Amino acid sequence: EATGFLMSYTDLDERHPALAVSRWGSTCGTVPELEASAAVLEALCRYRRASGRTEPDPWIRALAEFLLFMQRDDGLFYFQYDADDGFRSLPRGGEQQIALHARAAHALCLAYEELAVRKYLSAAERAMDRLMELHGTDSGSDQRPWTAGEARWTASAALELSLMVPTDRY
């Protein structure tokens with residue numbers, strides 16, 4: 001039921017049929033499309049894992065491709081996408097919104113776990129490496145304490161990555 005609700009706010013971008021875009025942000029005006037799309041992707045991956053059903057696979061793939069499309073060259077993510085103009089944006093201070101970047105990385109880890117598409121794991125690694133570079137304990141700057149959401153999503157993504165990639169980076 002919850003997955004159906006999330007999917008009702010998700011559709012395929014007509015100009016880029018491989019990209020599934022959550023339009024929750026444009027519906028209620030409060031949730032960035034990256035976050036909503038990551039939430040739908042996570043829900044579909046968890047549903048697939050729990051049910052053993054493969055019906056969500058095209059949607060999982062499309063949403064993961066959308067997150068890849070939203071990833072910037074530096075590994076972090078744009079938060080909003082204007083499908084009409086094809087414009088991706090990151091609001092001022094967006095690099096400081098650790099939870100949204102980490103949530104997208106976490107969702108990509110789950111997509112990799114379900115579909116075994118290596119580029120999803122590589123993208124999650126790039127995002128987490130950049131987050132650790134900017135905000136990790138060894139970043140060399142005086143950082144504010146992380147919020148509960150930032151700690152939760154960063155830890156979730158780091159845990160998923162550490163289970164898939166032998167490393168002590170996270």
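Please read these numbers as outputs of a predicted model, since none were measured by experiment. Numbers here are sequence positions counted from 1.
For Ser51, the side-chain hydrogen bond (donor to acceptor under 3.5 Å, both in side chains) criterion is met by no residue, not counting sequence neighbours. Under the rule for a salt bridge (Lys or Arg N to Asp or Glu O under 4.0 Å), the partners of Arg46 that lie at least two apart in sequence or sit in another chain are Glu42. Scanning for side-chain hydrogen bond (donor to acceptor under 3.5 Å, both in side chains) contacts around Tyr120 gives Glu65, with sequence neighbours left out. Looking at residues two or more places apart in sequence or on another chain, you find no salt bridge (Lys or Arg N to Asp or Glu O under 4.0 Å) involving Arg92. Arg48 is linked by a salt bridge (Lys or Arg N to Asp or Glu O under 4.0 Å) to Asp57, Glu114, counting only residues two or more places apart in sequence or in another chain.
For residues 150-162, the set of pairs meeting the salt bridge (charged side-chain N to carboxylate O under 4.0 Å, His left out) definition, not counting sequence neighbours, comprises Arg144-Glu150.
Closest of all the heavy-atom pairs between His101 and Leu90 is CE1-CD1, 4.4 Å. Ala124 and Leu161 make their closest contact through O-CD1, 4.0 Å (heavy atoms, listed as atom of the first residue, atom of the second, distance). For Phe77 against Ala127, the heavy-atom pair with the smallest separation is CE1-CB, 3.6 Å. The heavy-atom pair separating Leu63 from Val40 by the smallest distance is CD1-CG1, 3.5 Å.
Distance check: Leu76 CG to Gln96 CD gives 10.0 Å after rounding to the nearest 0.5 Å.
The cationic group of Arg88 lies under 6.0 Å from the six-membered ring centre of Phe69 and within 45° of the ring axis, placing it in a cation-pi geometry.
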